[in-house]
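Heads up, the thing below is written out as structure tokens.
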Amino acid sequence: MASLPALHLPATPSFKYFLLPNKKSPIHHTLPLPCLRHCSFSAVRAYKVLVEHGGGTTELEVDSDETILSKALDSGLDVPHDCKLGVCMTCPARLVGGSVDQSEGMLSDDVIERGYTLMCVAYPKSDCHVRVIPEEELLSLQLATAND
Ligand code: FES
């Protein structure tokens with residue numbers, strides 16, 4: 001029978017260890033907690049986002065854990081915004097293509113289904129194309145659907 005590799009643990013560990021169960025192995029793998037904290041198991045990936053604004057189109061690479069507005073501002077785009085919380089509706093856009101997670105925003109489901117988004121709470125879930133629109137367009141639609 002093959003011998004198992006020795007585990008080399010410090011005699012007096014200065015941090016706690018975490019056991020990972022592994023049914024295929026006769027032993028548990030042991031990793032120090034600080035190591036686990038530095039390992040990223042979440043699936044953050046970048047998507048290509050086209051932003052139409054002011055007569056031009058800019059291509060951005062936006063991580064799935066950042067908003068389109070945040071990346072647009074970091075990239076020097078002068079897009080309208082205010083609260084950055086999905087409340088004031090100053091950053092509306094038409095979602096021309098792709099999909100976003102905007103579950104943090106205040107738009108009604110009807111308005112979202114019609115293809116609108118607030119860029120400050122729009123996290124890309126795929127490559128996207130958004131067109132910045134006048135605030136009034138979204139406000140009138142939001143009010144109309146609220147009366148339904
Ligand atoms: S900046 Fe206020 S809703 Fe987006």
Where do Tyr47 and Ser64 land on the side chain to side chain contact (heavy atoms under 4.5 Å, CB included) test, with the steps shown first? CA-CA 7 Å; Tyr47 294 106; Ser64 57; 3.9 Å; yes
Distance-only donor-acceptor pairs under 3.5 Å for side chains of residues 67-76, two or more places apart:
unit_1, atom_1, unit_2, atom_2, d
Thr67, OG1, Ser70, N, 3.0
Lys71, NZ, Glu61, O, 3.4
Ser75, OG, Lys71, O, 2.8

Check whether any side-chain N or O of [X] sits under 3.5 Å from a backbone N or O of [Y] as a donor-acceptor pair, and report yes or no.
X	Y	answer
His129	Val49	no
Asp127	Lys48	yes
Asp63	Asp65	no
Arg94	Arg114	yes
Thr90	Asp82	no
Glu113	Asp110	no

Roughly how far apart are Leu50 CG and His53 NE2, rounded to 0.5 Å?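 One gets 15.0 Å once the value is rounded to the nearest 0.5 Å.
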Check against side chain to side chain contact (heavy atoms under 4.5 Å, CB included), Tyr116 and Leu141: CA-CA 10 Å; Tyr116 291 90; Leu141 187 61; 3.1 Å; yes
By salt bridge (charged side-chain N to carboxylate O under 4.0 Å, His left out), Glu52 pairs with (sequence neighbours left out) Arg131
By side chain to side chain contact (heavy atoms under 4.5 Å, CB included) - contacts of Val121 (at least two apart):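 Per chain and number, Val121 pairs via side chain to side chain contact (heavy atoms under 4.5 Å, CB included) with Gln102, Glu104, Leu118.
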Before giving the answer on side chain to side chain contact (heavy atoms under 4.5 Å, CB included), spell out for Thr58 and Leu77 the whole-Å C-alpha distance, their side-chain angles and the decisive distance to 0.1 Å. CA-CA 9 Å; Thr58 304; Leu77 289 180; 3.5 Å; yes
Working note: Met89 + Gln142, criterion side chain to side chain contact (heavy atoms under 4.5 Å, CB included); need CA distance, chi angles, decisive distance, verdict. CA-CA 10 Å; Met89 300 198 190; Gln142 180 81 355; 3.7 Å; yes
